[in-house]
Amino acid sequence: MKKMLLLLVALVAFAACDDDPIDYSTWSNEELLATPGGVDYLIRMAAPIDYAAIEEELETKVADRYHYFIHDWFGWTESSKMNGAALLSYVIIEDVIRCCVDGDILLRTPEGDETYRYYRDNKFTGDRLSALLAEFDCGRGAKLKARIENTLVVESYGEDNSRMLDLIRLVDGREEWLERYPYNFYELKPWGGSDLTFGEMQQTN
């Protein structure tokens with residue numbers, strides 16, 4: 001019996017050592033932003049957020065959602081492992097926030113060419129940062145948790161208590177970015193499907 005107790009103590013001690021937290025302090029910001037545990041570490045260690053500076057930058061920069069992590073009953077999943085995940089970026093033009101999409105559905109342009117890229121415009125009132133967070137919200141209570149260099153970390157929760165960490169970098173090249181997305185979604189047609197544009201379909205429904 002005594003031997004069994006000693007064995008159990010040894011196993012518990014081994015498990016405790018195995019569960020020791022990772023020393024994230026030796027990692028670079030780039031490495032930390034590549035893992036959900038690293039992102040959580042950055043949130044804990046981040047300096048106070050300069051909201052005014054972000055608000056000013058959103059007037060001239062692109063907010064590019066380049067990566068995200070989702071934690072649900074399966075554990076953590078990153079965007080690169082999500083099937084059909086669209087790439088999203090946001091440009092704020094006066095009182096309109098433009099969502100630029102690189103999707104996975106083939107569409108037809110007014111000229112009859114194929115494209116995967118389009119944009120959608122949404123009007124907003126209030127400040128730019130709140131408009132950006134609203135685009136990520138979808139009822140999830142999106143909150144800006146940290147700024148790491150040029151990356152914003154946004155946290156939100158779903159109804160099933162799944163947790164999402166969005167990584168959005170603020171980048172220059174706004175005019176060139178807009179040129180990549182010349183088509184409004186409602187001007188496009190399904191590839192090989194209806195000859196109506198999505199805007200015309202919406203009007204008939």
Side-chain angles (χ1 to χ4, degrees), residues 21-25 27-103 119-174 177 181:
I22 299 169
D23 183 9
Y24 287 118
S25 65
W27 293 28
S28 68
N29 282 349
E30 184 179 1
E31 291 171 326
L32 291 166
L33 288 168
T35 69
V39 174
D40 272 334
Y41 172 80
L42 286 170
I43 290 172
R44 292 195 303 272
M45 302 302 291
I49 299 168
D50 187 342
Y51 293 96
I54 296 170
E55 180 68 16
E56 185 176 343
E57 288 177 76
L58 286 173
E59 186 175 8
T60 58
K61 293 190 175 183
V62 176
D64 178 32
R65 176 186 181 240
Y66 69 95
H67 202 55
Y68 61 85
F69 303 96
I70 298 175
H71 188 272
D72 54 22
W73 52 88
F74 295 113
W76 282 107
T77 305
E78 59 180 294
S79 56
S80 61
K81 297 177 182 176
M82 298 288 287
N83 293 324
L87 299 176
L88 306 175
S89 52
Y90 301 87
V91 181
I92 298 177
I93 308 164
E94 297 181 352
D95 64 344
V96 170
I97 184 164
R98 175 164 294 185
C99 177
C100 302
V101 182
D102 273 83
Y119 69 83
R120 293 177 188 260
D121 284 346
N122 291 316
K123 288 183 91 64
F124 70 92
T125 57
D127 62 277
R128 300 181 192 95
L129 181 55
S130 295
L132 178 63
L133 292 176
E135 289 291 327
F136 289 98
D137 191 274
C138 299
R140 299 172 61 97
K143 294 181 180 177
L144 178 61
K145 300 297 288 185
R147 177 177 186 164
I148 312 301
E149 297 173 352
N150 70 336
T151 293
L152 308 181
V153 179
V154 175
E155 179 188 68
S156 57
Y157 286 87
E159 290 183 2
D160 59 353
N161 210 34
S162 59
R163 183 184 180 211
M164 191 161 186
L165 292 170
D166 285 291
L167 305 182
I168 304 112
R169 59 186 158 210
L170 301 180
V171 295
D172 295 315
R174 172 190 175 102
W177 205 282
Y181 302 88

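Below, all heavy atoms of this structure are taken into account, side chains as well, without hydrogens, waters or symmetry copies.
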Query raised in the report: Do Ile93 and Arg98 touch side chain to side chain, with heavy atoms closer than 4.5 Å?
Result: yes

**Report entry** Parallel, tilted or perpendicular, as decided by the 30° and 60° cut-offs, for the rings of Tyr24 and Tyr41
**Finding:** tilted

**Report entry** Interatomic distance, Met45 atom CE to Asn29 atom CG [nearest 0.5 angstrom]
**Finding:** 11.0 Å

**Report entry** Steps toward side chain to side chain contact (heavy atoms under 4.5 Å, CB included) verdict (Ile148, Leu32)
**Finding:** CA-CA 10 Å; Ile148 312 301; Leu32 291 166; over 6 Å; no

Query raised in the report: Does any non-hydrogen side-chain atom of Phe124 lie less than 4.5 Å from one of Ile92?
Result: yes

Query raised in the report: Do Trp27 and Ile22 have side-chain heavy atoms sitting under 4.5 Å apart?
Result: yes

Query - Sidechain N-carboxylate O distance under 4.0 Å for Arg147, Glu57 - result: yes

Query raised in the report: Taking the side chain as C-beta and beyond, is there a heavy-atom pair between Lys61 and Asp172 under 4.5 Å?
Result: yes

Report task. Indicate yes or no: at least one non-hydrogen side-chain atom of Leu33 is less than 4.5 angstrom from one of His67. Result -> no

Query raised in the report: Hey, is the main chain of Glu59 close enough, under 3.5 Å, to the side chain of Arg174 for a donor-acceptor pair?
Result: yes

Query raised in the report: Between the side chain of Glu55 and the main-chain N/O of Leu129, is any donor-acceptor distance below 3.5 Å?
Result: yes

Report task. Could you tell me whether Glu31 atom CD has more than 12 heavy atoms of other residues or ligands within 6.0 Å of it? Result -> yes

Query raised in the report: Can you find a heavy atom in the side chain of Leu167 that is under 4.5 Å from one in the side chain of Val153?
Result: yes

Query raised in the report: If you look at every heavy atom in Ala146 and Ala46, which pair is closest and at what distance?
Result: CB-CB, 3.7 Å

**Report entry** Name of the residue among Val39, Leu88, Asp166 meeting side-chain contact (heavy atoms from CB on, under 4.5 Å) with Tyr68
**Finding:** Asp166

Query raised in the report: So, Thr151 versus Tyr66: side-chain donor-acceptor pair below 3.5 Å or not?
Result: yes

Requested in this report: Run the salt-bridge test on Lys143 and Glu155 with the 4.0 Å N-O cut-off and return the result as yes or no.
Outcome: no

Query raised in the report: To the nearest 0.5 Å, how far apart are CG in Leu132 and CG in Leu152?
Result: 7.0 Å

Query raised in the report: Could you give the distance from CG (Asp127) to CD1 (Ile54), rounded to the nearest 0.5 Å?
Result: 11.0 Å

Requested in this report: To the nearest 0.5 Å, tell me how far Met164 CE sits from Thr77 OG1.
Outcome: 10.5 Å

Query - Residue pair Asp64 / Trp177, side-chain heavy-atom distance below 4.5 Å - result: yes

Requested in this report: Please tell me if the side chains of Asp40 and Phe69 come closer than 4.5 Å, counting only heavy atoms from C-beta onward.
Outcome: no

**Report entry** Reported CG-to-SG distance for the pair Leu87 and Cys100, which is rounded to 0.5 angstrom
**Finding:** 11.5 Å

Query raised in the report: Rounded to the nearest 0.5 Å, how far apart are OH of Tyr181 and SG of Cys99?
Result: 9.5 Å

